[in-house]
Amino acid sequence: MIKAIRGFKDILPGETEKWVYLENLARKFFLNYGFREIRLPVLEKTELFARSIGETTDIVEKEMYTFLDRSQESLTLRPEATAGICRAVIENGLYAQAKILKLFTIGPMFRYERPQKGRLRQFHQLNAEVFGSQVPGTDAEIIILACDILEGGGAKKLKLEINSLGCPKCRPAFRDALQKFLKGLKDKLCEDCRRRAEKNPLRALDCKNETCQALYNEAPLIEDFWCEECREHFLRVLNDLEIVGLSYQKNPRLVRGLDYYVRTTFEIKAPNLGAQDTVAAGGRYDGLLKALGGPDLPGVGFAIGMERFLLVADLPEELAIKIDLFVAALGEPARQRILPLVHNLRKLGLAVDLDHEGRSLKAQLKQANRLKARYTLIVGENELSENKALLRDMESGVQEEIPLQSLEDSLFKRLKR
RNA sequence: GUGACCGUAGCUCAGGUGGUUAGAGCACCGGGCUGUGGCCCCGGGGAUCGUGGGUUCAAAUCCCACCGGUCACCCCA
């Protein structure tokens, strides 16, 4: 038997209803917040991700689905959405349409990782980005939007952690100080942190190793290095969050796995999710558009992991569509007589189903029951000869006779909402 | 990439120390009710026991490899 490949999952009936529900919910929030939808290719040139995410990040070094196509060009299945959105914004000149550009996208991402709870190789993200705004109010709006969506999906007890990574003006000094600090206790650090000390010192800060973490209590703090603008920016973001009543937790150790972030960075974590507890994350990336050959416009955005959102969401009990009417036709003449009616009711927008298999009435009523039909219309030889049909209310079991001539009208009146 | 545990009908699981036709519940189909669903009773279909190799007279059961799953490391949404 041919099976789906590792880390790639079918989303089956019963699950899809939940996906559609949450996607619609998110889409409504996005649109209400003034975002417009953009749909992007899942394949891009490898160079796009190498340049945007960062050559030395784990994602680029060992987690991408990269291959040569038939013309020997290196392509990569997108591991995240921001790079592609930036590319599209630049390529299509979207930034020229208005000062502020707000975009969202929903779709699959791909990372070659070992699957576990809340982590698949093909996973799905809800993504929002704002281009052209440098003010802290936009950072706050992005965070508030992410929280609204998660809360709208019934997610409880979420924890918002926030930090500022500084900017190109002040971060290098912090980076140097941190690197010096890390090199000072080189022998005591775990293997990974020794490597990070060389290539990407900030990443050492969120090492899970307890020994390392204990040592980092003495590490230099980013906030001592913020320039005046970064400090002001951060405080104003926090202030907006407070104004709307969002509680947060400052986390000076919070860094990001992608190089392009500056200033505001945040994660939204959920309890009981195990090791992969970050449901959403995002931040500001002011230099990215320019680095990709576009205009020097600031950007800020976030991503929500759909699979993880599903794990923490509290969904309505019954999401499957209940049908309005099941038609039980007994015998081929009855089926043919009733087919046009079914067709018309369906065209009028009603949920109507019928059985073409010629099964017993008992079997058909059972099927109607399973489909949670409000009514079942029974038409057999008896009914045809008397020019009528039986309409059974599946809740009460009450049946009434309806003349065939007026069937469409009376059914539509009864069933429309 | 590393480690631990796991893999038996569509689903959830049972099958002491190897031993005859691999079972159950749910789901599905049919009958009881020759044209009336949900409850009940009866019957039926459905399993290359993850795959491949090995040990053995004999393997779902023991061994090895691979594949897949779960959780953790790592990483991150």
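Proteins get letters first, then strands, A, B, ... in listed order; numbering begins at 1 in each.
Residue A/Gly397 is in base contact, counting any heavy-atom pair closer than 4.0 Å across all strands shown. Residue A/Ile5 is classed as having no contact, given no heavy-atom separation below 4.0 Å to the nucleic acid. Counting non-hydrogen atoms under 4.0 angstrom, A/Met394 reaches a base of the nucleic acid.
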Please produce a list of atom pairs where a protein N or O lies less than 3.5 Å from an N or O of nucleotides 1-5 of chain B.
unit_1	atom_1	unit_2	atom_2	d
B/U2	O4	A/Arg114	NH1	2.5

Restricting both atoms to N or O, compile the protein contacts to nucleotides 8-13 of chain B shorter than 3.5 Å, with distance only.
none

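In terms of polar N and O atoms assigned as donor or acceptor, the side chain of A/Arg308 comes within less than 3.5 Å of the base of B/C76 in a complementary pairing. At a cut-off of 3.5 angstrom, counting only N and O atoms as typed in the model, there is a donor on one side and an acceptor on the other between the side-chain of A/Arg392 and the base of B/G37. No donor-acceptor contact under 3.5 Å links the side chain of A/Gln364 to the base of B/U36.
For the pair A/Phe110/A/Pro79, no side-chain contact is recorded, criterion being any heavy-atom separation below 4.5 Å from C-beta on. Looking at heavy atoms from C-beta onward, A/Leu43 lies out of side-chain contact with A/Thr76 at the 4.5 angstrom threshold. At least one side-chain heavy atom of A/Leu273 sits under 4.5 Å from a side-chain heavy atom of A/Arg308.
Every pair passing salt bridge (charged side-chain N to carboxylate O under 4.0 Å, His left out) that includes a residue from residues 377-391 of chain A is listed here, sequence neighbours excluded: A/Glu386-A/Lys388, A/Lys388-A/Glu401. Under the ring-ring contact (aromatic ring centres under 6.0 Å, His included) criterion, the residue pairs touching residues 123-148 of chain A are A/Trp19-A/His124, with sequence neighbours excluded.
Between A/Arg284 and the options A/Thr138, A/Asp139, A/Thr265, a side chain to side chain donor-acceptor pair (under 3.5 Å) holds for only A/Asp139.
Comparing the P positions of B/C74 and B/U12 gives a spacing of 31 Å, expressed to the nearest Å.
Salt-bridge annotation for A/Lys159 and A/Glu161: present, with a side-chain N of the basic residue lying under 4.0 Å from a carboxylate O of the acidic one.
The distance between atom CE of A/Met64 and atom P of B/C76, rounded to the nearest whole Å, is 14 Å.
The nucleotide whose nearest atom lies closest to any side-chain atom of A/Glu383 is, among B/G35, B/A77, B/C74, B/G35. In this structure, of B/U36, B/G68, B/C76, it is B/U36 that holds the atom nearest to the side chain of A/Leu361. Side-chain proximity of A/Arg111 to the nucleotides B/A77, B/C71, B/G30 is greatest for B/A77. For A/Pro115, the side-chain atoms get nearest to B/U70 when compared with the rest of B/G35, B/C74, B/U70. The side chain of A/Asn369 sits closest to B/G37 out of B/A77, B/G37, B/G30.
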Q: Could you summarise the pairing of RNA chain B as dot-bracket text, marking Watson-Crick and G-U pairs under 3.5 Å with ( ) or [ ] inside the strand and | across strands?
A: (((((((..((((.....[...)))).(((((.......))))).....(((((..]....))))))))))))....

Q: Would you mind building the protein contact string for nucleotides 40-52 of chain B? One character per nucleotide, 5' to 3', B for base within reach (heavy atoms under 4.0 Å), S for sugar-phosphate only, - for untouched.
A: ----------S--

